[in-house]
Amino acid sequence: MEVSCFSQNVLLVTLLLAIAVSLVESQGTRVGFYSTSCPRVESIVRSTVQSHFGSDPTIAPGLLRMHFHDCFVHGCDASILIDGPGTEKTAPPNLLLRGYEVIDDAKTQLEAACPGVVSCADILALAARDSVVLTSGASWAVPTGRRDGTVSQASDAANLPGFRDSVDVQKQKFAAKGLNTQDLVTLVGGHTIGTTACQFFRYRLYNFTTTGNGADPSITAAFVSQLQALCPQNGDGSRRIGLDTGSVNRFDNSFFANLRDGKGVLESDQRLWTDASTKTFVQRFLGIRGLLGLTFNIEFGRSMVKMSNIEVKTGTVGEIRRVCSEVN
(Lines give C-alpha, C1' and ligand atoms only; values in the text may rest on other atoms or scores of the structure.)
Protein backbone atom coordinates (compact mmCIF):
# COMPACT_ATOMS: atom_id res chain seq x y z
CA MET A 1 0.00 0.00 0.00
CA GLU A 2 2.83 2.37 0.91
CA VAL A 3 4.59 1.54 -2.35
CA SER A 4 1.42 2.29 -4.25
CA CYS A 5 1.04 5.70 -2.57
CA PHE A 6 4.69 6.45 -3.23
CA SER A 7 4.26 5.58 -6.91
CA GLN A 8 1.20 7.78 -7.13
CA ASN A 9 3.10 10.67 -5.54
CA VAL A 10 5.98 10.21 -7.99
CA LEU A 11 3.53 10.19 -10.87
CA LEU A 12 1.84 13.33 -9.53
CA VAL A 13 5.14 15.16 -9.10
CA THR A 14 6.25 14.09 -12.58
CA LEU A 15 2.94 15.28 -14.03
CA LEU A 16 3.17 18.62 -12.24
CA LEU A 17 6.75 19.11 -13.46
CA ALA A 18 5.67 18.31 -17.02
CA ILE A 19 2.84 20.82 -16.77
CA ALA A 20 5.20 23.44 -15.33
CA VAL A 21 7.72 22.90 -18.13
CA SER A 22 4.90 23.03 -20.70
CA LEU A 23 3.64 26.31 -19.24
CA VAL A 24 7.10 27.86 -19.32
CA GLU A 25 7.64 26.75 -22.91
CA SER A 26 4.24 28.06 -23.99
CA GLN A 27 4.56 31.42 -22.27
CA GLY A 28 4.63 34.18 -24.82
CA THR A 29 6.48 37.45 -24.72
CA ARG A 30 5.44 40.22 -22.36
CA VAL A 31 6.19 43.88 -21.79
CA GLY A 32 8.75 44.27 -19.00
CA PHE A 33 10.21 40.77 -19.26
CA TYR A 34 13.61 42.09 -18.13
CA SER A 35 12.29 44.46 -15.45
CA THR A 36 14.25 42.67 -12.71
CA SER A 37 16.88 40.69 -14.63
CA CYS A 38 18.12 43.62 -16.76
CA PRO A 39 16.14 46.79 -16.01
CA ARG A 40 18.27 49.03 -18.25
CA VAL A 41 17.82 46.97 -21.41
CA GLU A 42 15.53 49.43 -23.20
CA SER A 43 17.58 52.50 -22.33
CA ILE A 44 20.80 50.78 -23.44
CA VAL A 45 19.32 49.74 -26.78
CA ARG A 46 17.72 53.15 -27.29
CA SER A 47 20.93 55.09 -26.62
CA THR A 48 22.89 52.76 -28.90
CA VAL A 49 20.48 53.22 -31.79
CA GLN A 50 20.44 57.00 -31.19
CA SER A 51 24.22 57.13 -31.27
CA HIS A 52 24.48 55.30 -34.59
CA PHE A 53 21.52 57.19 -36.03
CA GLY A 54 23.24 60.48 -35.22
CA SER A 55 26.11 59.67 -37.57
CA ASP A 56 24.06 57.72 -40.14
CA PRO A 57 20.26 58.27 -40.29
CA THR A 58 19.88 55.50 -42.88
CA ILE A 59 20.46 53.03 -40.07
CA ALA A 60 16.81 53.45 -38.99
CA PRO A 61 15.15 51.90 -42.06
CA GLY A 62 17.95 49.34 -42.10
CA LEU A 63 17.07 48.05 -38.64
CA LEU A 64 13.34 48.09 -39.37
CA ARG A 65 13.86 45.98 -42.53
CA MET A 66 16.18 43.61 -40.68
CA HIS A 67 13.57 42.89 -38.01
CA PHE A 68 10.96 42.24 -40.72
CA HIS A 69 13.25 39.88 -42.63
CA ASP A 70 14.16 38.09 -39.39
CA CYS A 71 10.55 37.50 -38.33
CA PHE A 72 9.47 36.09 -41.69
CA VAL A 73 12.06 33.29 -41.54
CA HIS A 74 11.89 30.91 -38.56
CA GLY A 75 10.07 33.61 -36.61
CA CYS A 76 11.63 36.50 -34.68
CA ASP A 77 14.69 34.63 -33.42
CA ALA A 78 17.66 36.69 -34.64
CA SER A 79 18.60 33.97 -37.16
CA ILE A 80 19.26 36.81 -39.63
CA LEU A 81 22.25 37.85 -37.51
CA ILE A 82 24.20 34.57 -37.68
CA ASP A 83 27.41 34.67 -39.71
CA GLY A 84 28.71 31.91 -41.95
CA PRO A 85 28.41 30.44 -45.44
CA GLY A 86 24.87 29.60 -46.45
CA THR A 87 23.22 31.53 -43.60
CA GLU A 88 20.16 33.77 -44.01
CA LYS A 89 22.20 36.93 -44.36
CA THR A 90 23.80 35.49 -47.52
CA ALA A 91 20.42 35.01 -49.25
CA PRO A 92 19.73 37.43 -52.15
CA PRO A 93 16.86 39.28 -50.40
CA ASN A 94 19.13 39.96 -47.42
CA LEU A 95 22.36 41.00 -49.12
CA LEU A 96 21.64 44.72 -48.78
CA LEU A 97 20.41 44.64 -45.17
CA ARG A 98 22.36 46.88 -42.85
CA GLY A 99 22.62 47.77 -39.20
CA TYR A 100 24.31 44.65 -37.89
CA GLU A 101 26.93 46.76 -36.10
CA VAL A 102 24.21 48.52 -34.10
CA ILE A 103 22.89 45.22 -32.73
CA ASP A 104 26.44 44.04 -31.98
CA ASP A 105 27.19 47.29 -30.15
CA ALA A 106 24.04 47.03 -28.02
CA LYS A 107 24.74 43.37 -27.29
CA THR A 108 28.28 44.15 -26.10
CA GLN A 109 26.93 46.75 -23.68
CA LEU A 110 24.17 44.46 -22.45
CA GLU A 111 26.57 41.58 -21.88
CA ALA A 112 28.61 43.91 -19.69
CA ALA A 113 25.53 44.99 -17.74
CA CYS A 114 23.56 41.72 -17.67
CA PRO A 115 25.67 38.77 -18.90
CA GLY A 116 23.75 36.04 -20.68
CA VAL A 117 20.33 37.57 -20.06
CA VAL A 118 19.07 39.57 -23.05
CA SER A 119 18.50 37.82 -26.38
CA CYS A 120 19.64 39.21 -29.70
CA ALA A 121 16.08 38.73 -30.98
CA ASP A 122 14.78 41.13 -28.32
CA ILE A 123 17.54 43.65 -29.05
CA LEU A 124 16.49 43.68 -32.71
CA ALA A 125 12.79 44.09 -31.84
CA LEU A 126 13.57 47.03 -29.55
CA ALA A 127 15.96 48.60 -32.07
CA ALA A 128 13.29 48.47 -34.79
CA ARG A 129 10.84 50.34 -32.55
CA ASP A 130 13.48 52.91 -31.59
CA SER A 131 14.28 53.45 -35.27
CA VAL A 132 10.66 54.38 -35.98
CA VAL A 133 10.64 56.82 -33.05
CA LEU A 134 13.86 58.47 -34.21
CA THR A 135 12.28 59.16 -37.61
CA SER A 136 9.27 60.91 -36.00
CA GLY A 137 7.03 57.87 -35.75
CA ALA A 138 5.02 56.97 -32.65
CA SER A 139 6.38 54.62 -30.01
CA TRP A 140 4.77 51.39 -28.80
CA ALA A 141 5.38 48.95 -25.95
CA VAL A 142 7.54 46.07 -27.18
CA PRO A 143 6.85 42.68 -25.58
CA THR A 144 10.13 40.88 -24.82
CA GLY A 145 11.17 37.40 -23.72
CA ARG A 146 12.20 35.95 -27.09
CA ARG A 147 15.08 33.53 -27.24
CA ASP A 148 17.57 33.19 -30.07
CA GLY A 149 17.36 30.52 -32.74
CA THR A 150 20.21 28.19 -33.66
CA VAL A 151 19.31 27.54 -37.31
CA SER A 152 20.02 29.95 -40.17
CA GLN A 153 19.82 28.80 -43.79
CA ALA A 154 19.79 30.97 -46.89
CA SER A 155 17.33 28.65 -48.63
CA ASP A 156 14.69 29.43 -45.98
CA ALA A 157 14.65 33.09 -47.05
CA ALA A 158 13.12 32.20 -50.42
CA ASN A 159 9.60 32.92 -49.17
CA LEU A 160 10.26 36.49 -48.08
CA PRO A 161 7.85 38.96 -49.70
CA GLY A 162 9.33 40.19 -52.98
CA PHE A 163 9.20 43.41 -54.98
CA ARG A 164 7.43 41.72 -57.93
CA ASP A 165 4.82 39.92 -55.82
CA SER A 166 1.15 40.29 -56.70
CA VAL A 167 -1.20 41.31 -53.91
CA ASP A 168 -2.54 37.74 -53.75
CA VAL A 169 0.98 36.39 -53.24
CA GLN A 170 1.72 39.05 -50.64
CA LYS A 171 -1.49 38.19 -48.78
CA GLN A 172 -0.63 34.49 -48.85
CA LYS A 173 2.85 35.12 -47.42
CA PHE A 174 1.50 37.33 -44.66
CA ALA A 175 -1.40 34.99 -43.86
CA ALA A 176 1.09 32.14 -43.47
CA LYS A 177 2.56 34.14 -40.59
CA GLY A 178 -0.79 34.94 -39.00
CA LEU A 179 -1.00 38.46 -40.44
CA ASN A 180 -4.10 39.75 -42.20
CA THR A 181 -4.59 42.15 -45.10
CA GLN A 182 -4.65 45.21 -42.85
CA ASP A 183 -1.35 44.10 -41.30
CA LEU A 184 0.07 43.70 -44.80
CA VAL A 185 -0.79 47.24 -45.88
CA THR A 186 0.27 48.66 -42.52
CA LEU A 187 3.66 46.94 -42.41
CA VAL A 188 4.45 47.72 -46.05
CA GLY A 189 3.84 51.29 -44.95
CA GLY A 190 7.21 50.98 -43.22
CA HIS A 191 8.55 51.91 -46.65
CA THR A 192 7.79 55.49 -45.62
CA ILE A 193 11.44 55.55 -44.58
CA GLY A 194 14.43 54.25 -46.47
CA THR A 195 15.54 53.59 -50.01
CA THR A 196 15.73 50.88 -52.63
CA ALA A 197 18.15 50.31 -55.50
CA CYS A 198 17.45 51.06 -59.16
CA GLN A 199 17.93 47.38 -59.99
CA PHE A 200 14.72 46.50 -58.13
CA PHE A 201 12.35 48.73 -60.09
CA ARG A 202 14.10 49.91 -63.26
CA TYR A 203 12.32 47.22 -65.29
CA ARG A 204 9.11 49.21 -64.70
CA LEU A 205 10.53 52.22 -66.53
CA TYR A 206 11.69 50.71 -69.82
CA ASN A 207 10.04 48.20 -72.17
CA PHE A 208 7.49 47.24 -69.52
CA THR A 209 4.78 47.62 -72.16
CA THR A 210 4.81 47.91 -75.94
CA THR A 211 2.56 50.97 -75.94
CA GLY A 212 2.86 54.54 -74.70
CA ASN A 213 6.19 55.45 -73.14
CA GLY A 214 7.01 51.78 -72.45
CA ALA A 215 6.71 52.23 -68.70
CA ASP A 216 4.42 50.58 -66.17
CA PRO A 217 1.10 52.38 -66.72
CA SER A 218 0.40 52.44 -62.99
CA ILE A 219 3.18 55.05 -62.63
CA THR A 220 2.20 58.63 -63.49
CA ALA A 221 3.99 60.01 -66.56
CA ALA A 222 5.73 62.81 -64.67
CA PHE A 223 7.07 60.36 -62.10
CA VAL A 224 8.29 58.03 -64.85
CA SER A 225 10.41 60.87 -66.23
CA GLN A 226 11.72 61.65 -62.75
CA LEU A 227 12.69 58.02 -62.11
CA GLN A 228 14.25 57.60 -65.55
CA ALA A 229 16.49 60.60 -64.86
CA LEU A 230 17.59 58.99 -61.59
CA CYS A 231 17.89 55.46 -63.01
CA PRO A 232 18.98 55.48 -66.68
CA GLN A 233 18.35 52.24 -68.55
CA ASN A 234 22.02 51.26 -68.54
CA GLY A 235 23.00 53.19 -65.43
CA ASP A 236 24.21 52.14 -62.00
CA GLY A 237 21.77 49.53 -60.70
CA SER A 238 22.97 50.00 -57.12
CA ARG A 239 22.00 53.67 -56.94
CA ARG A 240 19.65 54.28 -54.02
CA ILE A 241 16.27 55.97 -54.48
CA GLY A 242 13.79 56.95 -51.76
CA LEU A 243 10.76 54.68 -51.38
CA ASP A 244 8.59 57.55 -50.16
CA THR A 245 9.21 60.45 -52.55
CA GLY A 246 9.38 63.76 -50.70
CA SER A 247 9.49 62.22 -47.23
CA VAL A 248 12.21 59.58 -47.28
CA ASN A 249 13.51 60.26 -43.76
CA ARG A 250 10.23 60.89 -41.95
CA PHE A 251 7.90 58.21 -40.63
CA ASP A 252 4.44 59.35 -41.77
CA ASN A 253 1.54 58.32 -44.00
CA SER A 254 2.75 60.19 -47.10
CA PHE A 255 3.81 56.80 -48.51
CA PHE A 256 0.12 56.01 -49.00
CA ALA A 257 -0.50 59.37 -50.67
CA ASN A 258 2.26 58.50 -53.13
CA LEU A 259 0.57 55.19 -53.92
CA ARG A 260 -2.68 57.06 -54.58
CA ASP A 261 -0.82 59.45 -56.87
CA GLY A 262 0.90 56.70 -58.89
CA LYS A 263 4.27 57.28 -57.27
CA GLY A 264 4.95 53.89 -55.72
CA VAL A 265 8.54 52.98 -56.52
CA LEU A 266 8.30 49.22 -56.08
CA GLU A 267 5.76 47.33 -58.15
CA SER A 268 4.58 45.35 -55.10
CA ASP A 269 3.94 48.64 -53.26
CA GLN A 270 1.97 50.30 -56.07
CA ARG A 271 -0.21 47.21 -56.38
CA LEU A 272 -1.63 47.98 -52.93
CA TRP A 273 -3.50 50.83 -54.62
CA THR A 274 -4.54 49.01 -57.80
CA ASP A 275 -5.93 45.95 -55.97
CA ALA A 276 -9.38 46.54 -54.44
CA SER A 277 -8.73 44.35 -51.38
CA THR A 278 -5.78 46.48 -50.24
CA LYS A 279 -6.81 49.83 -51.71
CA THR A 280 -9.50 50.21 -49.04
CA PHE A 281 -6.88 50.17 -46.29
CA VAL A 282 -4.69 52.67 -48.13
CA GLN A 283 -7.73 54.94 -48.43
CA ARG A 284 -8.53 54.54 -44.74
CA PHE A 285 -5.00 55.60 -43.81
CA LEU A 286 -5.51 58.65 -46.02
CA GLY A 287 -8.82 59.51 -44.36
CA ILE A 288 -10.90 59.21 -47.51
CA ARG A 289 -14.40 60.55 -46.80
CA GLY A 290 -17.03 57.90 -46.26
CA LEU A 291 -14.58 55.29 -44.91
CA LEU A 292 -13.72 54.53 -41.30
CA GLY A 293 -10.32 56.17 -40.85
CA LEU A 294 -7.19 54.47 -39.56
CA THR A 295 -4.30 56.22 -37.82
CA PHE A 296 -1.12 54.88 -39.39
CA ASN A 297 1.18 55.45 -36.42
CA ILE A 298 -1.14 53.61 -34.05
CA GLU A 299 -1.88 50.72 -36.39
CA PHE A 300 1.80 50.33 -37.28
CA GLY A 301 2.67 49.70 -33.64
CA ARG A 302 -0.13 47.16 -33.32
CA SER A 303 0.90 45.27 -36.44
CA MET A 304 4.56 45.36 -35.39
CA VAL A 305 3.66 43.69 -32.08
CA LYS A 306 1.78 40.99 -34.01
CA MET A 307 4.69 40.50 -36.39
CA SER A 308 7.28 40.48 -33.60
CA ASN A 309 5.46 37.54 -32.00
CA ILE A 310 5.64 35.32 -35.08
CA GLU A 311 6.88 31.85 -34.08
CA VAL A 312 8.84 33.21 -31.12
CA LYS A 313 11.01 30.90 -29.07
CA THR A 314 10.45 31.27 -25.34
CA GLY A 315 10.96 29.29 -22.14
CA THR A 316 13.55 26.56 -22.76
CA VAL A 317 13.43 26.70 -26.57
CA GLY A 318 16.42 28.31 -28.29
CA GLU A 319 19.24 30.05 -26.44
CA ILE A 320 20.58 33.41 -25.33
CA ARG A 321 23.57 34.07 -27.58
CA ARG A 322 26.63 35.68 -26.05
CA VAL A 323 27.57 37.07 -29.47
CA CYS A 324 24.74 37.79 -31.88
CA SER A 325 26.58 36.60 -34.97
CA GLU A 326 27.49 33.22 -33.46
CA VAL A 327 25.47 30.29 -32.13
CA ASN A 328 26.69 29.40 -28.62
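Keep in mind that the numbers below use all heavy atoms, side chains included, and drop hydrogens, waters and symmetry copies.
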Has [X] got a side-chain atom pairing as donor or acceptor with [Y]'s backbone, closer than 3.5 angstrom?
| X | Y | value |
| --- | --- | --- |
| D183 | N180 | yes |
| R271 | R164 | yes |
| S136 | R250 | no |
| T87 | G84 | yes |
| D56 | T58 | yes |
| E267 | F201 | no |
| T295 | I298 | no |

Search all heavy atoms of [X] against all heavy atoms of [Y] and return the closest pair with its distance.
| X | Y | answer |
| --- | --- | --- |
| I80 | D70 | N-OD1, 3.4 Å |
| A121 | C76 | CB-O, 3.5 Å |
| L205 | Q228 | O-NE2, 3.0 Å |
| L230 | R239 | O-NH1, 3.1 Å |
| L286 | A257 | CD2-N, 3.5 Å |
| I82 | V327 | CD1-CG2, 3.7 Å |

Which side-chain N or O atoms in residues 38-45 pair as donor and acceptor under 3.5 Å with protein atoms at least two apart or in another chain?
| unit_1 | atom_1 | unit_2 | atom_2 | d |
| --- | --- | --- | --- | --- |
| E42 | OE1 | R129 | NH2 | 2.8 |
| S43 | OG | R40 | O | 2.9 |

Point to revise | Pair F281 and F285, ring centroids less than 6.0 Å apart | key: no
Point to revise | Centroid-centroid distance, F255 to F296, less than 6.0 Å | key: no
Identified side chain to side chain contact (heavy atoms under 4.5 Å, CB included) counterpart of [X] within the set [options]:
| X | options | result |
| --- | --- | --- |
| N94 | M66, R65, H69 | H69 |
| I193 | L134, D252, L64 | L64 |
| H191 | N258, D269, V248 | D269 |

Quick test of your reading of the model: are [X] and [Y] salt-bridged, counting only N-O distances below 4.0 Å?
| X | Y | value |
| --- | --- | --- |
| D148 | K313 | no |
| R147 | E319 | no |
| K173 | D165 | yes |
| R202 | D236 | no |

Review point. Under the 6.0 Å and 45° cation-pi test, does K89 pair with Y100?
Key: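 Here K89 passes the 6.0 Å and 45° test against Y100.
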**Study point:** N309 versus T29, side-chain donor and acceptor atoms under 3.5 Å
**Key:**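 Their side chains do contain a donor-acceptor pair, which is all the 3.5 Å distance test asks for.
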Review point. Going by atom types only, do S79 and D77 share a side-chain donor-acceptor pair under 3.5 Å?
Key: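 Note: S79 and D77 side chains meet the donor-acceptor criterion.
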Check your understanding: Does T195 have any side-chain hydrogen bond (donor to acceptor under 3.5 Å, both in side chains) partners at least two apart in sequence or in another chain, and if so, which?
Key -> R240
Review point. Residues in side-chain hydrogen bond (donor to acceptor under 3.5 Å, both in side chains) with N297, at least two apart?
Key: none
Exercise for review: Tell me, yes or no, whether the heavy-atom count around N159 atom CG, taken from other residues, nucleotides or ligands under 6.0 Å, exceeds 12.
Suggested key: no
Practice item. Flag the pair R302 / V305 as yes when at least one side-chain heavy-atom distance between them is below 4.5 Å, and no otherwise. Key: no
Practice item. Apply salt bridge (charged side-chain N to carboxylate O under 4.0 Å, His left out) to E326 and R321, showing your working. Key: CA-CA 7 Å; E326 302 172 7; R321 281 183 226 144; over 6 Å; no
